[in-house]
Structure formats: C-alpha cells, structure tokens
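The chains referred to below are lettered A, B, ... by the order of the sequence lines, with proteins before strands, and numbering in each begins at 1.
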Amino acid sequence: MYRHLERRLTQKIRDFLQQTYSIELPRIVIEQPPKVEFGEYALPLAFELAKKLRKAPRKIAEEIVAGLGPQEGFEKFEVAGAGYLNARVDREYVAKALVEDKNPEREKVSGKVLVEHSSINPNKAAHIGHLRNAILGDTFVRLLRSAGREVDVQNYIDNTGVQVADVVVGFLYIEKKSRTEIEKLIAQPRFDYYCWDLYARVSQWYEEASENKKIRLKALHEIEQGGNETALLADLVSTAVLRRHLETMDRLDIEYDFLPRESEILRLHFWDAAFTKLKESGVLIFENEGKNAGCWVMRRAGTSSTTETTEIAEEDQKVIVRSNGTVGYVGKDIAYHMWKFGLLGRDFHYEKFYRYPNGHDCWISSEQGVPDHPHFGNVAEIYNVIDARQSEAQGTVIEALRGLGHNEAADHYTHFSYEMVALTPRCAADLGYQLSEEDKAKSYIEVSGRKGFGVKADDLLDKLIASAKAEVDSRHPELPGCERENIATKIAIGALRYFMLKFTKNSVIAFDFKEALSFEGETGPYAQYAIVRATNIFRKGGYDIAEFGRSLRSAIPPEEFKRLLTGENGTELWELWLAASKTAHVIEQCLATSEPAYLAKHIFQTAQLFNTFYHRYPILTEAVEAKKKFLLATAFVVRRELMRALAVLGIQAPPVM
RNA sequence: GGGCGCGUAGCUCAAGCGGAUAGAGCAUCGGAUUUCUAAUCCGAGGGUUGCAGGUUCAAUUCCUGCCGCGCCUACCA
C-alpha cells in the first residue's frame, strides 16, 4: 500500500512540474520524514529546483502545495522546514486497504531468473560461511518469487576439482581404504564430518613430503579424465557429500531445482564449444612471449587497455588455457555462463537426484539423462551468490560475454557479492584452536576448510535447536515431546536465518556463539514472539483468526478508523499500521539493491512497534466494543504482515513459544 | 606495486543513488498494576562518524591527500 501511494505521488508531482514549470526532473526523490508527525513522505525537490527557478526553496514548496490539489489516498500536502514538501496520507484510506488486504496489481516482469547459490565443494561438511551464502541466496529467491518472478535455483557442483581429489587421496593413500570400506563409511550418518577431518589430515600430509603432492596431481588428472577407479571413487565420495549438503540445507528450508556438475561440463565438451567462439571473436589471444608464452589469455576484468592494439600487458593477462592445453576454472565458468543464457548451443542431460519431503524434485546434470525432464538454462537474468573474493573472476566472465557481443546478457549478469564469515579470536579459542599472538590481536580470523578450522553448519544448527529446546521444555512442559521439538526447530531456524540476514552483505561477520545463539533483542525469535503474542490474543479471546479476518471488512465503520488513528494516541497506533503497510515497498527495495538486510531490519522494527503496542493496550479487557474491535484489527493486520515478511526470509513462527 | 572494500557508542552493527535532533541490539545501571506468558516493555549513561582539506543551502554519505585494517592480484580449483 505504501509503495502504491508513493508511485501515485511521484506521478502527481511529475505532472505538476511539467504543467506549471515545464520542468522534467530525471528522478523525484521521496524520503521518509524523521518523525511521523511530519507526514509519511518528504520531498526535498524544492531545494533542487531553487537554482533552476531562481526562487527560495520555501517559496517553491508553497507554490507546489497551493497548486497540487486533492489526491486520492492523501489527506494534504504541506511545507516543512526550509522547504520540504511533506505529504500526509489519508490514514482511513490506508487502514481500509490493509484490512481488505487488496494488493494493487503490479506490472508483471517477464523472463525467467536464475539464481545460483551454495556451490559448496563436495568434499567436506558445510560450514557457517556456506550458510551465509545459502541463506542469502535462498532469501533472494524468495524475494524474487514474492515479487512475481519465475526463478530457477541452481547449485553448481565442482566435483572434479582438487578439493575432491584431496579427499580421495586421503582415503587411498593415508587410510588405504577399499571401495567397499568407503561405501560402508558413506552409509554412516554424517559422512561429510568424516571427510572434514580427513581433508585436514591430507593437507598436512602434503606438507610432509613433496612426492605426496605428485600423488595429488595424478589423482586430479585421473578424475578429470574419467573412466578409472579414482574417478569412480571421486564420484562416489562427492555424490555422498553432496547429498549431505542437500540434507543440511533442507533443515533450513533451502531447496534447489538443478545441480549442474563440472564433470558434465567437461564430458559434454561445453568448453570446446565456448573455446571456438572465444577464439573467433578475439576475446582470447594466444600469447607468444613472456611468462604466459603458449597460453590462451584474456584481459583481466578491471584493467583497461592503454593502447589500441590487441596486446595485453603481462600483468593484465588472465590465463584461460594453459600451455599444456588444459583449461582453467575461469574458462569452464565462461562456458557454463554461456549455457545459462542459452548462448552455447549445447545442453546438459538431466536426471532426478533428490526429492524433498514436499514432493519437489531436485535435478542433476548427467551424461546420459532421462528423456522427460524440465528445461533449465536459457534465462533472461542471472544472479550469482558468490563471495566478494571472487569478484575479479566474476568480472572476467562478464567481460568475456561482452567480448563475444552478448552485451544484453552481460547487463543481466549480477554478481551478488557478500563478505565472508570469520571467527572472533574468542570463538576460535572456544573451539580449541591454538592461536598465534598475531591471530589473537586480530578482530577476526578467516575460517579454513583446509585446516579443518571452522564451525560446521549442522553443529551450529544442533546447538541452536538444543538451546531452544531447553527453553521450550521449561515453558511448555505440558506439550508432547515431538511438538516441543518442532517448536524448538522453528525457533532455531528463525534465529540462524535472521542472524545471517541482519548484517548488510559487505560487512564481514565476525562469528561469535554467544551472539548467534541469542534469542533476545534483534533476533529472529524476537519477531516470531511478536507473532505468537498476537496469536495468543485471539486464542485467549475465543476468536477464530481466519474468521475474524473475513468479518473484518464490515466490522469497523470507516469513520471509526479516522477517529482512532488521529490524535496523540492515534498517531502512535498509526505508526504501527504504517509499518504494516510497507511490506511490498521494502521487498521492492531489497530487490532493487540486492540487499535482504533491509527486510530483516524492517521486520524487527515492526515487531518492536507491536510489542510496545501490546504492552500499552490491553485488548481483551477493553470495555468499549468499537475500540476493542479496532485493537484486534490492529493485531490481526500486523500479525499477517509480519508472517508474510518473515516467510520471505524463510522463517516461520511456531504456534506457541 | 596495482585493484576492490572497510574505519560510526565499551562490543556487534544501522543510517533509502547528499537531507530535518546520527539510530538499534548486546553489555552496564535503575524500574514495570503476578497481565493478551517477562524470549517482553520503560528509563539512564555512553558519539568531534580514523585524521586533514575541498565541493554544497545541506556531508557518516561525494572528491583529494594521509593513517590503519581486510580481501583479490597463480599455467590451484
């Protein structure tokens, strides 16, 4: 509703400026006044116009106010401060629309969106850094879907890289395990934990003797080649770990539609198709001299050519194809992204891989595939949720697309970049790691899978559930065990997802158990609790919520809204209604800036307002029937909007807390 | 060396492409008719927004220079 009125206001001002001054402003800035007493929208446009019109800002604002005339949904316009144009909405109008829950139809944006997130190396358990990626990605998917976009979710699996090779080397050369023994291990719960430790040991083992590193290289080649025992084991291990990753993410209600694997990119020769096009278009250049002699190189993203020649300075070169003819990671990524946009002329084969409890199937790439499958790829727009360290590589892929002449694809390629999750020195010490003096002085320490240094996703989730469970047990001993477990799980997910979303993307999260395990203050459970409180009001009062919602349209006469939402107390209540009206507006803002944190903040603020309201107004004991109805309507609308917004963050409120 | 990002309360973070008195949570201290469950609420203290200039009616925000920190900068993936 808020968003709807804002658009209307923008249009109105545009028309007015055009008619009165024949001025067209490229952008009409609309802000929110610091206090609701000043109105709901503030426009500083008079300051901007002052120079053009050679008049005092205040004077201009006065002219605009005088000339605007009435507008549906608005009460009035006024001049404030040195020349702000403030708009007051018609509170009755907004409240009525909220009660009726009619959403003004938005313009449909067509074209499929592809979001790639998670992309965890399938060689060890997922850790908190992966959680941030997956939660950000999944939330962005939910934001897009709530805005009516059609979205495919992909999780890229690098199953032929060194990291998988390392674990296979560990099984074969350190533990000397047979295939049957490995299969037995896979059948055990949390095979990914086993690999976590083994991976750390292998990394150590490489340091011990240089010939060990040669074994690694041999294993890597065998895996890339395929059709041998090492490759078979790599597939066995990586598939098992991948399955574990899907299970872990499923605990957080994160699902994928398709898992493209590097093994198919290799074996279906995606690179060959891309290589031809890249050579033809001159994106790739064969280097004859210098340290990169014999390689196919391209210009690194962010470096600009100083001369008009095709030569690239050596330090600006990015090797795509090595002198031995093998292609590196970026090259495969270019081919993969050409496929995403339907520009490669090749496709994967597909088969089903994982079925979620709700019946949704997750597909995986394969060499053979099944005849009947959904179509992936060939989309209009893509978002890659990949951490900030990869921004140069991402930029290089975009530049390659541009070089191939696919500017439109490049324009619709978004690197959804975010910063890493690190550990506070205290947290690292709690986990039992020896810290150097240098590390202790740092504000945070980077996690390292290679060193086995980090917090595993499942461990964190287990801890959160246990901690929530203890609280639920003491509060609701009367409930059956499975229900308490259910509630604790919802609270744990709420806490974890909110924790990962409340920071803006480009701030490094210094992870700390105390903060992450907190259920008080700015946390997911705080917002869930507000919803539970609203639910309790209806339950205790003997109302059926759904039925109450249906009866609401006719229950309160419009003039009652006007009366109860004005005056000093009314304005306080109005702030809550106003917050509830902003869901669509905030979602739109999150999408425009690729920043889910705005929605998290908004939910928290709304929950805060609700809790204040809850304390100030005892509803069920309210003697005046009309006022009671209105207060119930307030609780109903806020509850509905909070649930809606939390659902977009992938958080559900439990029935009781 | 070059590129990108960051520096805001004791701590962790906000602040809508420059806007009105820079806001939250945690921590600390002091309070809340035993109520629609306190996973809550109210209040207090705490700031020269790293430093120095510049642009502007207006700078935490933009520009320049310093200081400090992080990441990237492999014929590894």
How would you label the contact of [X] with the nucleic acid (heavy atoms, under 4.0 Å): base, sugar-phosphate, or nothing?
{"X": "A/Tyr614", "answer": "base"}
{"X": "A/Val472", "answer": "base"}
{"X": "A/Ala470", "answer": "nothing"}
{"X": "A/Phe503", "answer": "sugar-phosphate"}
{"X": "A/Gln528", "answer": "nothing"}
{"X": "A/His476", "answer": "base"}
{"X": "A/Lys514", "answer": "sugar-phosphate"}
{"X": "A/Glu446", "answer": "sugar-phosphate"}
{"X": "A/Phe538", "answer": "nothing"}
{"X": "A/Ala597", "answer": "nothing"}
{"X": "A/Thr160", "answer": "nothing"}
{"X": "A/Asp166", "answer": "nothing"}
{"X": "A/Glu31", "answer": "base"}
{"X": "A/Arg539", "answer": "nothing"}

**Prompt:** What do the steps show when you test A/Tyr2 against A/Tyr41 for ring pair (Phe, Tyr, Trp, His ring centres under 6.0 Å), and what is the final call?
**Reply:** CA-CA 10 Å; A/Tyr2 185 85; A/Tyr41 301 98; 4.7 Å; yes
**Message:** Atom CD of residue position A/Glu289 - does it have more than 12 heavy atoms of other residues, nucleotides or ligands inside 6.0 Å?
**Reply:**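 12 or below, so no.
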What's the closest nucleotide to the [X] side chain, out of [options]?
{"X": "A/Lys35", "options": "B/rC72, B/rU12, B/rU21", "value": "B/rU21"}
{"X": "A/Asn506", "options": "B/rA32, B/rG5, B/rC36", "value": "B/rG5"}
{"X": "A/Met420", "options": "B/rG25, B/rC71, B/rC26", "value": "B/rC71"}
{"X": "A/Thr621", "options": "B/rC36, B/rC75, B/rC57", "value": "B/rC36"}
{"X": "A/Pro34", "options": "B/rC72, B/rC36, B/rA20", "value": "B/rA20"}
{"X": "A/Asn611", "options": "B/rC41, B/rA24, B/rU73", "value": "B/rC41"}
{"X": "A/Glu520", "options": "B/rA20, B/rC6, B/rU40", "value": "B/rU40"}
{"X": "A/Thr612", "options": "B/rC42, B/rG25, B/rC76", "value": "B/rC42"}
{"X": "A/Ile491", "options": "B/rC36, B/rA20, B/rA39", "value": "B/rA39"}
{"X": "A/Lys540", "options": "B/rA20, B/rU37, B/rA74", "value": "B/rU37"}

Between [X] ([atom1]) and [N] ([atom2]), how many Å, whole number?
{"X": "A/Met657", "N": "B/rU40", "atom1": "CE", "atom2": "P", "value": "9 Å"}
{"X": "A/Ile312", "N": "B/rC75", "atom1": "CD1", "atom2": "P", "value": "14 Å"}
{"X": "A/His602", "N": "B/rA24", "atom1": "NE2", "atom2": "C1'", "value": "15 Å"}
{"X": "A/Tyr418", "N": "B/rC71", "atom1": "OH", "atom2": "P", "value": "16 Å"}
{"X": "A/Arg533", "N": "B/rA38", "atom1": "CZ", "atom2": "C1'", "value": "7 Å"}
{"X": "A/Phe47", "N": "B/rG18", "atom1": "CZ", "atom2": "C1'", "value": "12 Å"}
{"X": "A/Glu48", "N": "B/rC17", "atom1": "CD", "atom2": "P", "value": "12 Å"}

**Asked** How would you list, by chain and number, every residue that makes a side chain to side chain contact (heavy atoms under 4.5 Å, CB included) with A/Asn324, sequence neighbours excluded?
**Response**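 Applying side chain to side chain contact (heavy atoms under 4.5 Å, CB included) to A/Asn324 gives A/Arg322, A/Thr326.
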Taking only side-chain nitrogens and oxygens of [X], does any of them come within less than 4.0 Å of OP1 or OP2 of [N]?
{"X": "A/Lys601", "N": "B/rG16", "value": "no"}
{"X": "A/Arg475", "N": "B/rA39", "value": "yes"}
{"X": "A/Tyr543", "N": "B/rC36", "value": "no"}
{"X": "A/Gln608", "N": "B/rC41", "value": "no"}
{"X": "A/Arg389", "N": "B/rC4", "value": "no"}
{"X": "A/Tyr526", "N": "B/rC41", "value": "yes"}
{"X": "A/Asn292", "N": "B/rC75", "value": "yes"}

**Asked** Between the side-chain atoms of A/Gln32 and the base atoms of B/rG16, is any donor-acceptor pair under 3.5 Å?
**Response**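 Indeed, a donor on one side and an acceptor on the other fall under 3.5 Å apart.
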**Asked** With no angle test and no hydrogens, is the base of B/rC75 tied to the side chain of A/Ser323 by a donor-acceptor pair under 3.5 Å?
**Response**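 Yes, a donor-acceptor pair under 3.5 Å.
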**Asked** Can you find a heavy atom in the side chain of A/Tyr614 that is under 4.5 Å from one in the side chain of A/Asn536?
**Response**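 Not in contact.
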**Prompt:** Given side chains that start at C-beta, do those of A/Glu446 and A/Lys451 come closer than 4.5 Å, heavy atoms only?
**Reply:**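 No, every pair of side-chain atoms sits at 4.5 Å or beyond.
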**Asked** Start at the 5' end of RNA chain B and walk down; is the nucleotide closest to A/Ser518 or to A/Val532 reached first?
**Response**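 The residue mapped nearer the 5' terminus is A/Ser518.
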**Request:** Starting from the 5' end of RNA chain B, give me the residue, A/Glu315 or A/Phe519, whose nearest nucleotide shows up first.
**Result:**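 Result of the comparison: A/Phe519.
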**Positive for side chain to side chain donor-acceptor pair (under 3.5 Å) with A/Asn384, one of A/His337, A/His415, A/Gln390** =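 Of the listed residues A/His337, A/His415, A/Gln390, the side chain to side chain donor-acceptor pair (under 3.5 Å) partner of A/Asn384 is A/His337.
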**Item:** Given A/Gln317, A/Glu315, A/Glu392, the one that forms side chain to side chain donor-acceptor pair (under 3.5 Å) with A/Arg300
**Value:**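 The passing option is A/Glu392.
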**Request:** Check step by step if side chain to side chain contact (heavy atoms under 4.5 Å, CB included) holds for A/Thr535 and A/Arg639.
**Result:** CA-CA 8 Å; A/Thr535 310; A/Arg639 176 179 176 274; 3.0 Å; yes
**Request:** Measure up the A/Phe513 and A/Phe511 rings against each other and bin them: parallel (under 30°), tilted (30 to 60°), perpendicular (over 60°).
**Result:**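 Taking A/Phe511 first and then A/Phe513, their aromatic rings stand perpendicular (interplane angle over 60°).
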**Prompt:** Which class fits the ring pair A/Phe548 and A/Phe636: parallel under 30°, tilted 30 to 60°, perpendicular over 60°?
**Reply:**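 Answer is tilted, since the angle falls between 30° and 60°.
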**Prompt:** Which dot-bracket string fits RNA chain B when only Watson-Crick or G-U wobble pairs with both atom distances under 3.5 Å count, crossing pairs get [ ], and | stands for a partner on a different strand?
**Reply:** (((((((..((((.....[...)))).(((((.......))))).....(((((..]....))))))))))))....
**Message:** Using O4'-C1'-N9-C4 for purines and O4'-C1'-N1-C2 for pyrimidines, with syn meaning within 90° of 0, is B/rC71 syn or anti?
**Reply:**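 The base of B/rC71 is oriented anti (glycosidic angle more than 90° from 0).
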**Test side-chain hydrogen bond (donor to acceptor under 3.5 Å, both in side chains) applied to A/Glu522 - qualifying residues, sequence neighbours left out** =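 With neighbours one apart ignored, the set is A/Tyr498, A/Lys601.
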**Request:** Using the P atom as the reference point in each nucleotide, state the distance between B/rC11 and B/rU49 in Å, no decimals.
**Result:**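 Straight-line distance between the two P atoms is 16 Å.
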**Request:** Pick out which of A/Phe499, A/Phe519, A/Phe604 makes a ring-ring contact (aromatic ring centres under 6.0 Å, His included) with A/Tyr526.
**Result:**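 The single option meeting the ring-ring contact (aromatic ring centres under 6.0 Å, His included) with A/Tyr526 is A/Phe604.
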